[in-house]
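Worksheet: the structure to be examined is printed underneath.
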Amino acid sequence: MASEISPKAEIDPKAKIGDNCKIFPFVYIEGDVEIGDGCIIFPFVSILNGTRMGKSNKVHQGAVIGALPQDFEFHGEKSECIIGDNNIIRENVVINRATHTGGQTVIGNDNFLMEGAHISHDTKVGNRCVFGYGTKIAGDCEVEDGVIFSSSVIENAKTRVGVGSMIQAGTTFSKDIPPYIITTRKGEYGGVNMAVGRQHGVDEKTLNHIANAYRLLFHGKTSVFDAVNQIEEQVPDGPHIRHVIEFIRSTKVGIITKI
């Protein structure tokens with residue numbers, strides 16, 4: 001089915017628009033843009049050069065996709081902003097493209113970005129994440145699948161958030177948040193996120209193993225290095241535990257603090 005494109009939208013003829021899209025008046029789309037089938041682009045959205053958007057996305061009023069990086073190292077290079085499928089991008093969301101040639105900002109599938117969220121340059125977001133009102137994700141961050149950011153969260157540059165974690169409203173953090181945990185407003189460990197773990201298909205026994213691993217990490221009186229060794233020795237092995245261990249060991253900025 002042909003796309004329904006308002007004559008009042010300003011679209012560069014070089015832009016590639018898929019089938020069955022609906023593009024409302026006053027949308028602005030630059031030439032080096034690809035939009036997949038079934039997308040809905042509401043009024044006053046700007047989709048800028050370097051954007052590659054998948055299928056069935058909804059982009060609401062005032063959003064800017066593929067915005068120039070807010071990075072002092074950016075000098076006009078070509079880069080990309082990759083958006084997957086079935087994402088909901090609400091009003092006034094800003095997603096920057098990457099800083100350098102060959103770089104990508106990546107948003108996966110089935111994510112929900114609420115009003116005023118901002119995803120900065122070179123950040124990689126997985127699938128099924130929720131970004132609450134006014135949440136700001138700095139450059140070069142990594143967000144794994146199923147992460148929930150409550151309102152007004154600030155994730156500082158080059159940090160990571162593990163799968164299935166939840167960050168409470170108003171939190172600002174500058175260290176990595178491991179998988180399946182709740183992070184308090186002070187940026188501290190607040191327990192295992194059992195509810196989201198179950199939604200990800202993690203069984204009760206494994207969730208208990210994860211909780212035991214984090215007791216060793218956050219409540220023990222040893223270094224992070226020694227705590228990880230204790231997890232390997234004392235907690236039954238499995239893919240989720242291995243992911244926790246790998247995540248902690250690969251940190252470059254450190255792990256959030258104990259309670």
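Numbers for residues simply follow the sequence, beginning at 1.
- Looking only at atom types and distance, the side chain of Asp110 has no donor-acceptor partner in the side chain of Asn127 under 3.5 Å away.
- Of the options Val45, Ile29, Ile47, a side-chain contact (heavy atoms from CB on, under 4.5 Å) to Ile23 is made by Ile29 and by none of the others.
- Between Ile256 and Phe218, the closest side-chain pair of non-hydrogen atoms falls below 4.5 Å.
- Atom CZ of Phe131 sits about 5.0 Å away from atom CZ of Phe149, to the nearest 0.5 Å.
- In this structure the side chain of Ile241 reaches within 4.5 angstrom of the side chain of Ile245, judged on heavy atoms.
- The closest side-chain donor-acceptor pair between Asp203 and Thr206 falls under 3.5 angstrom.
- The minimum heavy-atom distance between Lys158 and Cys141, with the atom names listed, is N-SG, 3.7 Å.
- The shortest distance between side-chain heavy atoms of Leu68 and Leu48 does not fall below 4.5 Å.
- Counting only N and O atoms by type, the side chains of Asn86 and Asn109 include no donor and acceptor under 3.5 Å apart.
- In plain terms, the two heavy atoms of Ala15 and Ile11 that are nearest each other are CB-CG2, 4.1 Å.
- Within the 4.5 Å cutoff, side-chain heavy atoms of Leu217 are placed close to those of Val224.
- For the side-chain hydrogen bond (donor to acceptor under 3.5 Å, both in side chains) with Glu144, the qualifying choice from Arg160, His243, Lys124 is His243, the only one to do so.
- For the pair Phe247/Val163, no side-chain contact is recorded, criterion being any heavy-atom separation below 4.5 Å from C-beta on.
- Tested against Asn57, the residues Asn111, Asp85, Asn87 include a single side-chain hydrogen bond (donor to acceptor under 3.5 Å, both in side chains) partner, Asn87.
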